[in-house]
Amino acid sequence: MTKDRVLIFDTTLRDGEQSPGATMTHEEKLEIADMLDDMGVDIIEAGFPIASEGDFRAVSEIAKRASTSTICGLSRANFKDIDRCWEAVKYAKSPRIHTFIGTSPFHRDMHNLTMDAMAERIHDAVTHARNLCDNVQWSSMDATRTEWDFLRRTIDIAIKAGATTINIPDTVGYTEPVESADLIRRLIAEVEGAEGVIFSTHCHNDLGMATANSLAAVAGGARQIECTINGLGERAGNTALEEVVMAMRVRGDIMPYDTGIETTKIMNISRRVAAVSGFPVQFNKAIVGKNAFAHESGIHQDGMLKNAQTFEIMRPEDVGLTETNLVMGKHSGRAALRAKLKDLGYEMAENQLNDVFVRFKELADRKKEVYDDDLIALVRQNEALEDHVKLVSLRVTCGTGGPADAELTLNIDGTESSVIASGDGPVDASFNAVKQLYPHNARLQLYQVHAVTEGTDAQATVSCRLEEEGRIATGQSADTDTVVASVRAYVNAINRLIVRREKSAPGIDRKEVNYKDVG
Ligand code: KIV
Ligand code: ZN
């Protein structure tokens, strides 16, 4: 049986980053793009260039540095968006313009466009994009809720106008596998010129079927899957890259498709995306969850010792999970730390490594065993050193029968100040102290604590999500002291909000750019 090639189109930096709270900094986007490029992603959708100055800058920079991936930008179906998109992607060795409009009755109503007017818009947009770039992707957004005849007509127009990839989005996660396969199969059979283009699937996970729907679309003839790392994305997220890639690999017997993905790089990028987006991976998430390869029940362990295949359909090392997660102790040296961090996907400059090494030694003194996840948490903390607001010191008194008091010192843009604040428990008191030293109106939307590893000396990872005037930022931190981790996460979220404020000031703010046309 010969294997067909399925292209992997990653939209972590566009559809994923668009998810409320998942905003990444410029440097983080570049880093994720480098990792995607390095792991063999065919097409990286790097952003929505008209949405903000920040998006434009990120897409252009990623376009300049990508080595093998095609770099794609998103644009609505109007000349202004398309021109801006081209301005950003044109630097890539292989650029792509992705243009779209919602074609279902809901979207036609929203745009106040008749079918004929929308058909003309599609023709003009794709023709314009093709005049700029040889590689143009068309998406009939909300395709799975678009009337069949009209959907076929939009695809027909896009192909005739020069689109080279046709994407069929299940924008609201409405379809199911049989329908998903049939839709692509029927379009390929009935649209003129279909054999000359690549059909693509883009599924959302609202009913938990994004992976199944994407694989079914491939069975129907799609040869591009749009997906994100960890399934990051709005609402219930997008198709998870790691799931479709590993499904096709593990079940190659009935899904004879190849991708260009180096699967051993999956774990590192998964951890990295979780860290920079502030969206932790659920423990029982397929492929990349903490428990995905853990075998705890007695029966399982017995079976595993006799033959790993009894309960494992893939090997942990296939997705980049190394044999043992126990890495270092307090006697480990700088060279060992550097090698381990490299293994985990972090290449560090000498001064960065020095900072991490100091923190590693501090942690190793407090904690008997230092695991991969501990090290990743340490590196993340180190990245916070560039921030406007930094935690200098914290001392909390609390107990039964009274409020807690927090004595806090922050460094804000180089100036240290201290305060004592009270609250209902140590975390509340500490957060009140932060608010007094750095007054703001951001609302705490989410506060979440997880243990990074096991035992009472484990580090706690804390996530805080803040909302301010529609801008959302998630901060994370880890420490063996839960209250310290909480304050660091809160301060990290504040720093991210500051970046968001700066980013949205000069251009068009992302929140103002929705799927409705700017005209
Ligand atoms: O979900 C969707 O329809 C999209 C399009 C812009 C492709 O993300
Ligand atoms: Zn989408």
Side-chain angles (χ1 to χ4, degrees), residues 7-20 22 43-51 55 59 72-78 81-82 84-85 89 96-108 110-111 118 121-122 125-126 129 135-146 150-151 154-155 158 163-175 180 183-184 187 197-211 213-214 217 222 224-241 244 277 279 510 513-518:
L7 299 172
I8 297 297
F9 176 114
D10 182 278
T11 183
T12 305
L13 297 172
R14 199 278 299 169
D15 220 349
E17 210 249 353
Q18 211 163 298
S19 176
I43 304 107
I44 299 172
E45 187 163 54
F48 191 178
I50 195 104
D55 264 47
V59 178
C72 173
L74 184 69
S75 52
R76 288 163 301 183
N78 67 67
D81 270 39
I82 293 169
R84 188 78 174 143
C85 178
V89 297
R96 174 182 291 190
I97 296 175
H98 177 191
T99 184
F100 76 99
I101 199 165
T103 50
S104 69
F106 307 99
H107 289 268
R108 294 201 305 271
M110 184 174 87
H111 289 286
M118 190 167 275
R121 173 75 74 90
I122 296 169
V126 176
N135 189 339
V136 171
Q137 171 166 327
W138 169 255
S139 285
S140 292
M141 188 165 93
D142 208 9
T144 53
R145 293 192 303 164
T146 301
F150 186 58
L151 178 64
T154 62
I155 305 304
T164 46
T165 298
I166 297 294
N167 185 36
I168 307 298
D170 182 29
T171 304
V172 291
Y174 179 69
T175 196
S180 175
L183 183 59
I184 302 277
L187 283 169
V197 300
I198 302 245
F199 274 78
S200 163
T201 179
H202 174 112
C203 297
H204 282 264
N205 202 30
D206 299 65
L207 292 172
M209 291 191 279
T211 295
N213 290 337
S214 302
Q224 174 177 293
I225 297 179
E226 301 202 359
C227 45
T228 59
I229 301 293
N230 299 338
L232 189 69
E234 276 184 283
R235 307 185 309 277
N238 290 58
T239 300
L241 179 148
V244 284
S277 67
F279 277 64
R510 159 70 67 55
V513 177
N514 53 34
Y515 289 137
K516 205 161 184 299
D517 198 27
V518 279

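Indexing begins at 1, ligand by ligand and atom by atom, following the structure's order. Quick note: residue numbers are just sequence positions, from 1.
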Can you see whether Gln137 engages Glu226 through a side-chain donor-acceptor pair at a distance of less than 3.5 angstrom?
yes
The atoms of ligand 1 lying under 4.0 Å from a heavy atom of His204, numbered in the order shown, are 1 (O)
Would you mind telling me if ligand 1 is within reach of the side chain of Arg14, the backbone, both or neither, using heavy atoms under 4.0 Å?
side chain
So for ligand 1, is Asp142 a polar contact partner (N or O within less than 3.5 Å, distance only)?
no
My understanding is that only residues two or more places apart in sequence, or in another chain, count here; which of them pass side chain to side chain donor-acceptor pair (under 3.5 Å) with Ser277?
none
Just heavy atoms, cut-off under 4.0 Å: does His202 contact ligand 1 by side chain, backbone, both, or neither?
side chain
Check ring pair (Phe, Tyr, Trp, His ring centres under 6.0 Å) between His204 and all other residues, then give those that pass, not counting sequence neighbours.
His202
When only distance counts, is Ser139 in polar contact with ligand 1, meaning an N/O pair under 3.5 Å?
no
Donor-acceptor pair, side chain of Thr144 and main chain of Asp170, under 3.5 angstrom:
no
Which of these, Asp15, Thr228, Thr211, sits in a side-chain hydrogen bond (donor to acceptor under 3.5 Å, both in side chains) with Asn238?
Asp15
Tell me whether Arg108 forms a cation-pi arrangement with Phe150, defined as NZ or CZ under 6.0 Å from the six-membered ring centre and within 45 degrees of its axis.
yes
Look only at interatomic distance and state if Asp15 has a nitrogen or oxygen under 3.5 Å from any nitrogen or oxygen of ligand 1.
yes
What's the atom name of the N, O or S in Asp15 nearest to the Zn ion (ligand 2)?
OD2
